[in-house]
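I have placed the structure first, in the form of C-alpha cells, so that the comments after it can refer back to it.
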Amino acid sequence: MSLVPSDPAAGQVEGEAQSSVCIREHCFHAFDTLYCALTHSKPIPPKFPDEKYPLFVTWNTRSSRRSPRLRGCIGTFEAQPLHEGLAEYALISAFRDHRFRKIEEKELPSLECGYASFPHLSHAHYMQGTNDHRSSRISLLTHFEDASSYLDWTIGVHGISISFPHPSLIPASTPSTEPPSPFSSSPSLPRYTSKRSFSATYLPEVMPEQGWDKIEAIDSAIHKAGWDGRITEDLRRNIKLRRYQSSKCIVGWDEYVEWRHEEGDKI
C-alpha cells in the first residue's frame, strides 16, 4: 500500500518521521477489511490517525516453494483519508485488479499485505506489478520533486511519474550543442491516435526488481502509458518526470490473526 501526503509543501517526511509514516496498523486495517468482506465478520475500528495520503495496497501470495507473487495492486495519487482510503483500496486491489481473478476466502492464509507511501501525484488510479502465503504491502510516498530531465532520478531510490504529449505534437528537433544520445532511435511517423497526452508511473521497487537501467525503465513506462510507436530521443526529452520516494510496510496472514486476537476477536 502506498500513501502520499495531501499537501506537497507540507508532505516532505524526513528521517525518523518518514519511517513512522508507514506502520503495521495500516496493513492490519487493510487485512481486516478484506477478511470481514469475505467472512461477513465485524471489523475492528482503526486507531491510527485519520490523516490524508495518496496510497497503494498490494496483495501477494507466499509459498515455501517460491518467492512471493503479486495477487493485486491498485492505488491512487489523490490524497485519501487513511481509515476509508486503506479500506477502499484493500478491496479494489483484491477484487478489481483486472489482471487477476478476485481473491477468495480460501486464499486468506496464504496472503500478505504490503504498504508504502508517496506524496503529491496525479488524480488517477494506478496498477502496479511487484514480485505463495498471502501478503499485503503498503507504500507511503514522500519527497516528490520535479526532475530536470528524464534521467534525473536514482534507481533503487526514486519512483517515477512521467507524462508526455503525443509525438505528433512534439516540435521538430533544433540543432543542439550536446552530443547525440547513444540511445537515440531513428525518427518515424507516429501512428494516429486520438490521445493527445500520455502518463504512467512506476514505484521505486519496480526498477530494481526488473533489473532495468534508466533508459529501459523510461521506455517501459512510455509503453505502459499507451504509446506503441517508435521511441525517439525527442520523445524522451519531452517527458515531464516527477520523482518520489517511499516508505513500506508488509505483514502476513499469521501476523494479522495474532493482531485480531490481541484486539479481542478470534478468527
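The structure displayed is predicted, hence computed values, not measured ones. The first residue of the sequence shown is numbered 1, and numbering continues consecutively from there.
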**Message:** Using the rule given for side-chain contact (heavy atoms from CB on, under 4.5 Å), can you reason through Glu216 versus Gln210, listing the C-alpha separation, both sets of side-chain angles and the distance that settles it, and then say yes or no?
**Reply:** CA-CA 10 Å; Glu216 290 170 331; Gln210 298 299 320; over 6 Å; no
**Request:** Determine whether Pro81 and Lys52 make a side-chain contact, defined as any pair of heavy atoms from C-beta on separated by less than 4.5 Å.
**Result:** yes
**Request:** Report yes if some heavy atom in the side chain of Phe28 is under 4.5 Å from a heavy atom in the side chain of Glu263; otherwise report no.
**Result:** no
**Prompt:** Where do Lys42 and Arg260 come nearest, in terms of heavy atoms and distance?
**Reply:** O-NH2, 2.8 Å
**Asked** Quick one: does Ile231's side chain get under 4.5 Å of His223's, heavy atoms only?
**Response** yes
**Message:** Looking at Leu82, is its backbone amide N or carbonyl O close enough to the side chain of Asp50 to form a donor-acceptor pair, meaning the two atoms are under 3.5 Å apart?
**Reply:** yes
**Request:** Looking only at non-hydrogen atoms, find the nearest pair between Pro49 and His83 and report the distance.
**Result:** C-NE2, 4.0 Å
**Request:** To the nearest 0.5 Å, tell me how far Ile250 CD1 sits from Asn60 CG.
**Result:** 7.0 Å
**Message:** Can you tell me how far apart NZ (Lys240) and OG (Ser149) are? Round to the nearest 0.5 Å.
**Reply:** 14.5 Å
**Message:** Please find the pair of heavy atoms, one from Pro43 and one from Asp32, that lie closest to each other, and give the distance.
**Reply:** CA-OD2, 3.4 Å
**Asked** Taking His261 for the side chain and Glu258 for the main chain, is one N or O donor matched with an acceptor at less than 3.5 Å?
**Response** no
**Request:** Please step through side-chain contact (heavy atoms from CB on, under 4.5 Å) for the pair Asn238 and Leu169, ending with a clear verdict.
**Result:** CA-CA 10 Å; Asn238 276 273; Leu169 303 176; over 6 Å; no
**Asked** So, for Lys102 and Arg71, which heavy atoms are closest and what is the spacing to 0.1 Å?
**Response** O-NH2, 3.2 Å
**Message:** Would the distance check show the side chain of Lys214 and the main-chain N or O of Trp153 forming a donor-acceptor pair, the cut-off being under 3.5 Å?
**Reply:** yes
**Request:** Might you point out which heavy atoms bring Ile103 and Leu34 nearest each other, and give the distance in Å?
**Result:** CG2-CD2, 4.3 Å
**Request:** For the pair Thr201 (side chain) and Ile160 (backbone), establish whether a donor and an acceptor sit closer than 3.5 Å, ignoring hydrogens and angles.
**Result:** yes
**Prompt:** So do the side chains of Trp212 and Ile155 get within less than 4.5 Å of each other, counting heavy atoms only?
**Reply:** no
**Item:** Carboxylate-amine/guanidinium proximity below 4.0 Å for Asp219 and Arg236
**Value:** yes
**Complete:** All heavy atoms of Ser220 vs all of Tyr202, minimum pair found to be OG-OH, 2.7 Å
**Request:** Output, in order, the C-alpha distance, side-chain angles, deciding distance and verdict of side-chain contact (heavy atoms from CB on, under 4.5 Å) for Asp97 and Trp59.
**Result:** CA-CA 10 Å; Asp97 189 331; Trp59 296 105; over 6 Å; no
**Message:** Are Glu104 and Leu38 packed together at the side-chain level, in the sense that at least one heavy-atom pair is separated by less than 4.5 angstrom?
**Reply:** no
**Fill in**
NE2 (His166) and CZ (Arg196) are apart, to the nearest 0.5 Å, by 9.5 Å
**Asked** Does Leu151 belong to the same Ile/Leu/Val/Met/Phe/Trp/Tyr cluster as Val157, with side-chain heavy atoms less than 4.5 Å apart forming each link?
**Response** no
**Message:** Counting the benzene-type ring for Trp, do Trp259 and Phe31 have ring centres under 6.0 Å apart?
**Reply:** no
**Request:** Answer yes or no: is there a side-chain heavy-atom contact under 4.5 Å between Ile170 and Pro165?
**Result:** yes
**Asked** Can you check whether Ser41 reaches Cys36 side chain to side chain, under 4.5 Å on heavy atoms?
**Response** yes
**Asked** Is a donor on one side and an acceptor on the other found under 3.5 Å between the side chain of His158 and the backbone of Thr154?
**Response** yes
**Asked** Do Ile222 and Phe198 have side chains that get closer than 4.5 Å, going by heavy atoms?
**Response** no
**Request:** Evaluate side-chain contact (heavy atoms from CB on, under 4.5 Å) for Ile92 paired with Val57, printing each intermediate quantity in order.
**Result:** CA-CA 9 Å; Ile92 290 175; Val57 177; over 6 Å; no
